[in-house]
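Contents: one structure, followed by commentary.
Every chain is numbered from 1, with letters handed out A, B, ... down the list of sequences.
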2 protein chains.
Amino acid sequence: MNDVKLTSTLAFRLGTLGAVVTERFSARLAGHGLKPKHIGLLTVLESGTATSQLDIAKLMNVAPSLVVSLADRLEELGAIQRERDLSDRRRQTLTLTEEGRELLATCTAAAAELDSELTDGLDPEETEALRSVLRTLARRNGLPAD
Amino acid sequence: MNDVKLTSTLAFRLGTLGAVVTERFSARLAGHGLKPKHIGLLTVLESGTATSQLDIAKLMNVAPSLVVSLADRLEELGAIQRERDLSDRRRQTLTLTEEGRELLATCTAAAAELDSELTDGLDPEETEALRSVLRTLARRNGLPAD
DNA sequence: TATTGTTATACTCTATAACTATA
DNA sequence: TATAGTTATAGAGTATAACAATA
């Protein structure tokens, strides 16, 4: 007889906690008319790992057509700049503007606030252990490693 | 100057890892024609915290109409039984069948397998620390605590 | 012909609103 | 009149497919 509970697996806990946290993060973004994927795109540009829309789509694991609409919105807000690549005029090169960096900083502050709420009451060692292991898991699963 | 990266916040890491893990779990469920929410409903029934469809909807934070379609599918598979509450014939009482328990056990095994993949290569202490702190976070955020 | 970006369309998931039956 | 469940409808989010410009 196996009495391991599905709800106590890491998979279940990461999935459900991830959904709760993403939901709360979204709520804080709502004022800007942005969704998590918009911010994901900004973080890609900040990291410098991709600049053309197609490369960004591959990196984010989303359809190229989605990058079009995310970029449309971010350009409209003045957070990014879209420029034709002069050496290959099919490509659009996206770059963060100063306003985009400020927006990203605002979102980072919101995320940091969420972190505080999440870890409030945890032992400092627990919090640090969590940060450490999540960094490892991120790296090993193709997510931004920093 | 603040150089904290959004991508290294707990909020970002939990959100993205949660999405990756949920996606992988979904892939393993696909063969049964089920999605994570179906399994979520099964875990509610197993826990005994709710039996009427409305109570289940509240507990899962989803619309009552969604519970109808989730239950339709699970009933079709023989995983749950739907019975009118005799003392209040408006209510449908959902119960896990033996087949439902077996299905849940299969899904639990799939999740445990995912856990192994995730933690393969981690120190045992790291893995245990992760389990421990995720349990705490789950409890503090209204998720199944066990 | 192949590739990048765009537009048009469709699909999945889920909520809201209208409805039925019980209370 | 209020509540549990159901059905009908609509919206958000995203993918796929068709298309245009460039290579």
Side-chain angles (χ1 to χ4, degrees), chain A residues 15-16 18-20 22-27 29-41 44-45 49-76 80-95, chain B residues 15-16 18-20 22-27 29-41 44-45 49-76 80-95:
Chain A
T16 51
V20 164
T22 298
E23 168 57 37
R24 279 195 219 154
F25 187 58
S26 295
L29 258 45
H32 303 274
L34 294 173
K35 287 163 267 176
K37 290 253 153 85
H38 291 108
I39 312 306
L41 175 34
V44 168
L45 296 184
T49 41
T51 53
S52 85
Q53 295 188 184
L54 201 58
D55 288 346
I56 291 167
K58 284 174 191 156
L59 200 62
M60 293 180 69
N61 263 304
V62 299
S65 59
L66 180 57
V67 175
V68 173
S69 56
L70 295 174
D72 282 350
R73 176 74 185 123
L74 291 168
E75 194 181 26
E76 185 177 285
I80 65 169
Q81 210 174 2
R82 237 185 191 137
E83 288 168 313
R84 283 285 161 192
D85 181 329
L86 296 180
S87 67
D88 181 347
R89 296 183 39 74
R90 290 172 305 183
R91 289 181 174 253
Q92 299 264 41
T93 296
L94 307 188
T95 50
Chain B
T16 50
V20 165
T22 298
E23 167 57 38
R24 278 195 221 153
F25 186 58
S26 296
L29 259 44
H32 302 274
L34 294 174
K35 285 163 272 179
K37 290 252 153 85
H38 291 109
I39 312 308
L41 175 34
V44 169
L45 296 183
T49 42
T51 53
S52 85
Q53 293 187 187
L54 202 57
D55 288 347
I56 291 167
K58 285 173 191 156
L59 201 62
M60 293 180 69
N61 263 304
V62 299
S65 59
L66 180 56
V67 175
V68 174
S69 58
L70 295 174
D72 282 351
R73 176 73 185 125
L74 291 168
E75 193 180 27
E76 186 177 284
I80 65 170
Q81 209 174 2
R82 236 186 192 136
E83 287 168 314
R84 282 286 161 190
D85 182 330
L86 296 180
S87 66
D88 181 348
R89 296 183 39 72
R90 290 172 304 182
R91 288 181 175 257
Q92 299 264 41
T93 296
L94 308 188
T95 51

(request) In whole angstrom, give the distance that lies between atom NZ of B:K58 and atom C1' of D:dG5. (result) 13 Å
(message) Of the options C:dA15, C:dT6, D:dA15, whose atoms approach the side-chain atoms of A:V62 most closely?
(response) D:dA15
(request) Go through the steps to decide whether A:I56 and A:Q92 satisfy the test side-chain contact (heavy atoms from CB on, under 4.5 Å), and finish with yes or no. (result) CA-CA 11 Å; A:I56 291 167; A:Q92 299 264 41; over 6 Å; no
(request) For B:N61 and C:dT16, give me the distance from atom CG to atom P, rounded to whole Å. (result) 12 Å
(message) Is it true that A:Q53 and A:R82 share a donor-acceptor pair across their side chains at a distance under 3.5 Å?
(response) yes
(request) Taking only heavy atoms on the protein side, list every residue of residues 64-72 of chain B lying under 4.0 Å from any atom of DNA chain C, sorted numerically. (result) B:S65, B:L66
(request) Take atom CD of B:E23 and atom C1' of D:dT14, then tell me their distance rounded to the nearest Å. (result) 13 Å
(message) So which atom in A:A50 and which in A:L59 form the shortest heavy-atom distance, rounded to 0.1 Å?
(response) CB-CD2, 4.1 Å
(request) Working to the nearest 0.5 Å, report the span between OG1 of A:T51 and CZ of A:R91. (result) 7.5 Å
(message) What is the separation between atom CD on B:Q92 and atom P on D:dT7, rounded to the nearest whole Å?
(response) 10 Å
(message) Can you tell me which residue among A:L94, A:L34, A:I39, A:L41 is in a side-chain contact (heavy atoms from CB on, under 4.5 Å) with A:L70?
(response) A:L41
(request) Ignoring backbone atoms, establish whether B:K37 has a side-chain N or O less than 4.0 Å from OP1 or OP2 of C:dT14. (result) yes
(message) Less than 4.5 Å apart, side chain to side chain, heavy atoms only: is that true for A:D72 and A:V68?
(response) yes
(request) Starting at atom CD1 of A:I80, determine the distance to atom P of C:dG5, rounded to an integer number of angstrom. (result) 12 Å
(request) Report the distance from atom CD of B:Q53 to atom C1' of C:dT20, rounded to the nearest whole Å. (result) 14 Å
(message) Can a donor-acceptor pair be found, under 3.5 Å and without considering hydrogens, that links the side chain of B:T22 to the backbone of B:A19?
(response) no
(request) In whole angstrom, give the distance that lies between atom NZ of B:K35 and atom P of C:dC11. (result) 15 Å
(message) It should be established whether A:R82 places a side-chain nitrogen or oxygen under 4.0 Å from OP1 or OP2 of nucleotide C:dT6.
(response) yes
(request) Show the numbers, then the answer: is there a side-chain contact (heavy atoms from CB on, under 4.5 Å) between A:I80 and A:L45? (result) CA-CA 9 Å; A:I80 65 169; A:L45 296 184; 3.7 Å; yes
(request) Rounded to the nearest angstrom, tell me the gap between atom CZ in A:R91 and atom P in C:dA2. (result) 18 Å
Close N/O contacts between protein and nucleotides 19-23 of chain D (under 3.5 Å):
residue : atom : partner : partner atom : Å
D:dA23  : OP1  : A:R89   : N            : 2.8

(message) side-chain contact (heavy atoms from CB on, under 4.5 Å), that's the test. Do A:V20 and A:R24 meet it? Break it down for me.
(response) CA-CA 6 Å; A:V20 164; A:R24 279 195 219 154; 3.5 Å; yes
(request) Can you figure out which of D:dT14, C:dG5, C:dA15 approaches the side chain of A:S52 most closely? (result) C:dG5
